[in-house]
Amino acid sequence: QVQLVESGGGLVQAGGSLRLSCAASGRTFSRNAMGWFRRAPGKEREFVAAISWSGGRPYYADSVKGRVTISRDNAKNTVYLQMNSLKLDDTAVYYCAAPPSAQASSRLYEYTYWGQGTQVTVSS
């Protein structure tokens with residue numbers, strides 16, 4: 001059974017940092033791109049960041065560019081999302097996901113595997 005399990009969410013003050021992790025089990029994702037999405041209260045799920053299977057060419061939503069870094073450790077079958085300078089608008093449930101392809105994508109519908117999400121709450 002394929003599972004993606006996120007961790008690292010929590011409550012943080014504005015301006016603070018969090019590092020999210022997503023551990024995959026059931027199969028290796030070393031040849032798959034990986035992505036992070038989020039769903040804020042009352043909003044649709046949106047793209048945050050994605051990274052190719054090799055770790056190259058990460059790219060980011062404009063709303064987080066410069067504050068967020070996606071990385072991966074294929075040996076550990078884990079992808080990370082380092083978030084700095086957090087804002088109130090970053091409050092959301094964060095999901096990691098994997099498409100069947102090796103190339104990173106911002107398109108939600110291309111992602112086949114999804115984690116259950118981890119809550120990030122940014123307070124003032």
Side-chain angles (χ1 to χ4, degrees):
Q1 182 181 0
V2 175
Q3 278 192 311
L4 298 176
V5 180
E6 302 95 336
S7 61
L11 176 65
V12 63
Q13 285 192 321
S17 298
L18 279 176
R19 188 194 196 204
L20 307 183
S21 299
C22 173
S25 63
R27 56 159 284 181
T28 179
F29 285 91
S30 61
R31 293 294 180 178
N32 296 79
M34 298 292 289
W36 285 95
F37 293 78
R38 67 185 182 186
R39 176 179 281 162
K43 296 186 178 180
E44 298 290 321
R45 194 173 300 195
E46 66 175 6
F47 170 74
V48 176
I51 190 167
S52 68
W53 73 273
S54 65
R57 296 188 176 183
Y59 68 104
Y60 305 93
D62 288 343
S63 58
V64 302
K65 199 172 293 182
R67 301 187 296 118
V68 165
T69 302
I70 186 171
S71 61
R72 66 189 297 163
D73 184 337
N74 286 340
K76 295 182 179 179
N77 226 16
T78 300
V79 64
Y80 305 97
L81 189 71
Q82 176 67 43
M83 302 189 293
N84 301 321
S85 302
L86 283 161
K87 304 176 181 180
L88 297 180
D89 287 347
D90 294 321
T91 294
V93 177
Y94 284 72
Y95 301 89
C96 77
S101 69
Q103 298 306 313
S105 170
S106 64
R107 292 181 284 271
L108 187 150
Y109 63 84
E110 293 188 3
Y111 286 77
T112 305
Y113 302 100
W114 289 86
Q116 84 290 346
T118 186
Q119 177 71 47
V120 171
T121 303
V122 183
S123 65
S124 59

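- Within the structure, salt bridge (charged side-chain N to carboxylate O under 4.0 Å, His left out) pairs that include any residue of residues 8-28 do not occur (at least two apart or interchain).
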Test side chain to side chain donor-acceptor pair (under 3.5 Å) on Ser17 and Asn84 and set out the steps. CA-CA 4 Å; Ser17 298; Asn84 301 321; 2.9 Å; yes
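- Arg31 contributes no side-chain N or O that, together with a main-chain N or O of Pro100, makes up a donor-acceptor pair within less than 3.5 Å.
- No donor-acceptor pair closer than 3.5 Å links the side chain of Thr118 to the backbone N or O of Tyr94.
- By the 4.5 Å heavy-atom criterion applied to side chains, Leu88 and Ser124 are counted as neighbours.
- The shortest distance between side-chain heavy atoms of Glu110 and Leu108 does not fall below 4.5 Å.
- Looking only at distances, no side-chain donor or acceptor of Gln3 sits under 3.5 Å from a matching main-chain atom of Gly26.
- Of all heavy-atom pairs between Ala24 and Leu4, the closest is CB-CD2, 3.5 Å.
- Between Met34 and Val79 the shortest heavy-atom distance is CE-CG1, 3.9 Å.
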Under the ring-ring contact (aromatic ring centres under 6.0 Å, His included) criterion, do Tyr95 and Tyr111 qualify, and how do the steps go? CA-CA 11 Å; Tyr95 301 89; Tyr111 286 77; over 10 Å; no
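- When all heavy atoms are compared, the tightest approach of Val48 to Val64 is O-CG2, 3.5 Å.
- Residues Val93 and Val12 fall into different hydrophobic clusters, defined by Ile, Leu, Val, Met, Phe, Trp and Tyr side chains chained together at heavy-atom separations under 4.5 Å.
- At a threshold of 4.5 Å between non-hydrogen side-chain atoms, the residues Lys76 and Asn74 do not count as touching.
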Check the pair Glu46, Arg38 against salt bridge (charged side-chain N to carboxylate O under 4.0 Å, His left out), reporting the backbone distance first and the verdict last. CA-CA 5 Å; Glu46 66 175 6; Arg38 67 185 182 186; 2.7 Å; yes
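- Residues Leu20 and Met83 are in side-chain contact: their nearest non-hydrogen atoms beyond the backbone lie under 4.5 Å apart.
- A donor-acceptor pair under 3.5 Å is absent between the side-chain atoms of Ser63 and the main chain of Ala61, judged by distance alone.
- In this model, a donor atom of one side chain and an acceptor atom of the other lie less than 3.5 Å apart for Thr121 and Gln119.
- With rounding to the nearest 0.5 angstrom, the OG atom of Ser30 is 7.5 Å from the CG atom of Asn32.
- Counting all heavy atoms, side chain and backbone alike, Asp90 lies closest to Lys87 at OD2-N, 2.7 Å.
- Using a 4.5 Å cut-off on side-chain heavy atoms (C-beta onward), Ser21 and Ser7 make contact.
- Heavy-atom minimum distance, Leu81 versus Ala49: CD1-CB, 4.0 Å.
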Which is it for Tyr80 and Cys22 under the side-chain contact (heavy atoms from CB on, under 4.5 Å) test, yes or no, and what are the steps along the way? CA-CA 6 Å; Tyr80 305 97; Cys22 173; over 6 Å; no
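- Scanning both residues, Ala50 and Ala104, for their nearest heavy atoms gives CB-CB, 3.7 Å.
- For the pair Tyr113 and Pro99, the minimum side-chain heavy-atom distance is 4.5 Å or more.
- Other residues sharing a hydrophobic cluster with Tyr109 under the 4.5 Å side-chain heavy-atom criterion for ILVMFWY residues do not exist; the residue is a singleton.
- In this structure, Trp53 has no ring pair (Phe, Tyr, Trp, His ring centres under 6.0 Å) partners at least two apart in sequence or on a different chain.
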Could you go step by step and tell me if Ser123 and Gln13 meet the side chain to side chain donor-acceptor pair (under 3.5 Å) rule? CA-CA 5 Å; Ser123 65; Gln13 285 192 321; 5.0 Å; no
Could you go through the ring-ring contact (aromatic ring centres under 6.0 Å, His included) check for Phe47 and Phe37 one step at a time? CA-CA 4 Å; Phe47 170 74; Phe37 293 78; 5.7 Å; yes
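- The pair Asp62-Lys65 meets the salt-bridge criterion, since a charged nitrogen lies less than 4.0 angstrom from a carboxylate oxygen.
- Side-chain contact between Ile70 and Tyr60: present, with at least one pair of heavy atoms (C-beta onward) separated by less than 4.5 Å.
- Of the inter-residue distances, the one linking Thr91 atom OG1 with Lys43 atom NZ reads 10.0 Å to the nearest 0.5 angstrom.
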